[in-house]
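Counting convention: from 1, in listed order, for ligands and their atoms alike. Values below: all heavy atoms of this structure, side chains included; hydrogens, waters and symmetry mates excluded.
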Amino acid sequence: MTNEMLEKISLPRHIGVIMDGNGRWAKQQGLKRSEGHKAGAKVFRTICDYAAELGIECMTFYAFSTENWKRPADEVSAIMNLFRDYLSEAKEREEENKAKGMRIRYIGDRAALPEDIVNMIDLLESRSADKHSITINLAVNYGGRDELLHAVKEIAKKVEAGELKSDDISLKDIDGNLYTAGLPDPDLIIRPSGEYRLSNFLIWQAAYSEFWFSDILWPDFTTDDLDKAIIDYSNRNRRFGGV
Ligand code: FPP
């Protein structure tokens with residue numbers, strides 16, 4: 001996007017991306033599904049860097065859902081290996097990422113993830129927590145319903161402990177107990193690959209999000225496509241229930 005264009009549009013603060021279509025892309029190319037995820041992970045890196053350049057505050061990528069464990073074991077382990085690669089690369093590139101002001105954060109249920117992945121996430125999160133201009137949220141073993149259940153349990157614990165009255169539970173308590181606590185709600189949610197659903201992604205936070213759908217398969221998604229989505233978003237009239 002040119003600087004001139006950037007000045008004209010209103011940038012979303014937070015963009016959510018459902019990285020869909022890797023399997024179909026691989027099939028089209030006569031490759032294994034895991035190759036589709038590998039190509040998808042490459043595009044993920046390109047889009048992260050480009051979003052940082054544009055000045056987007058936060059990007060959330062849906063990389064693995066609470067339902068994705070149902071996939072064949074070799075596919076699940078190939079995806080986990082891609083996370084390992086990315087996390088260890090991010091550790092190596094710590095200085096570079098810091099210079100870009102990139103903070104990496106995890107959202108989801110860590111309990112079922114391999115221990116080495118959890119340790120790498122913890123390390124990266126604590127080291128990149130301070131100065132940042134863009135937050136990259138990786139949603140892995142993430143499900144919106146699971147997130148809400150987790151928040152309800154946290155609130156119930158406070159009620160049980162006498163720290164909060166049930167009548168006083170507010171929207172802030174719910175927001176504050178989500179994995180995304182402290183982040184703005186997504187302004188824009190992008191789903192490629194010709195599917196028109198949210199698939200349990202940020203279901204609470206998406207109450208007023210704008211949606212951008214496209215037939216492009218995620219491994220074919222380019223920075224130009226991100227530009228198109230942002231320009232379309234910028235032309236929408238968001239009313240948040242008002243007039
Ligand atoms: C959905 O496409 C994609 C996934 C379930 C996995 C996405 C994971 C990656 C892009 C790798 C992530 C790695 C990092 C480092 C973030 P699909 O397999 O459902 O595609 P299909 O609908 O065409 O079969």
Any N or O on Trp25 sitting closer than 3.5 Å to an N or O of ligand 1?
no
Flag the pair Asp225 and Lys228 as a salt bridge only when some basic side-chain nitrogen lies within less than 4.0 angstrom of an acidic carboxylate oxygen.
yes
Over all atoms of both residues, closest heavy-atom pair of Glu35 and Trp25
O-CZ3, 4.0 Å
Does any part of the side chain of Asn177, heavy atoms only, come nearer than 4.5 Å to the side chain of Lys158, both counted from C-beta?
yes
If you have a sec, work out which protein heavy atom is nearest atom 6 (C) of ligand 1 and how many Å separate them, to one decimal?
Ala63 O, 3.2 Å
Examine Arg71 against ligand 1 and note whether any of their N/O atoms are separated by less than 3.5 Å.
yes
For a side chain to side chain contact (heavy atoms under 4.5 Å, CB included) check, start with the C-alpha distance between Asn200 and Tyr62, then their side-chain angles and the critical distance, and finish with the verdict.
CA-CA 10 Å; Asn200 208 9; Tyr62 202 9; 4.0 Å; yes
Which residue and heavy atom of the protein sit nearest atom 15 (C) of ligand 1, plus the separation
Tyr86 CB, 3.4 Å
State, without any angle test, whether Asp146 and Tyr179 hold a side-chain donor-acceptor pair at a distance under 3.5 Å.
yes
Counting only nitrogen or oxygen atoms and a 3.5 angstrom limit, does Asn68 reach ligand 1?
no
re atom 4 (C) of ligand 1, the protein heavy-atom contact at minimum distance is His37 CE1, 3.8 Å
Is the closest side-chain donor-acceptor distance between Asp185 and Trp204 under 3.5 Å?
no
Indicate whether any N or O donor in one side chain lies under 3.5 Å from an N or O acceptor in the other, for Asp227 and Tyr50.
yes
Do Arg33 and ligand 1 have an N or O pair less than 3.5 Å apart?
yes
What protein heavy atom sits nearest atom 1 (C) of ligand 1, and how far off is it?
Met19 O, 3.3 Å
Would Gly23 count as a polar contact of ligand 1, with the cut-off being nitrogen or oxygen pairs under 3.5 Å?
yes
In this structure, does ligand 1 have an atom that sits under 4.0 Å from one of the heavy atoms of Lys27?
no
Are Phe44 and ligand 1 in contact, using a heavy-atom cut-off of under 4.0 Å?
yes
Between Asp74 and Arg33, does at least one N-O distance fall below 4.0 Å, as a salt bridge requires?
no
For atom 13 (C) of ligand 1, which candidate among Tyr62, Phe61, Phe83 provides the closest heavy atom?
Phe83
To the nearest 0.1 Å, how far is atom 22 (O) of ligand 1 from its closest protein heavy atom, and which atom is that?
Arg24 NH2, 3.0 Å
side-chain hydrogen bond (donor to acceptor under 3.5 Å, both in side chains) with Glu154: which residues, sequence neighbours excluded?
Lys157
Which residue from Asn22, Asp20, Leu82 reaches closest to atom 10 (C) of ligand 1 through any of its heavy atoms?
Asn22
Where is the nearest protein heavy atom to atom 16 (C) of ligand 1: which residue, which atom, and how far?
Leu138 CD2, 3.6 Å
Do Leu113 and Phe83 touch side chain to side chain, with heavy atoms closer than 4.5 Å?
no
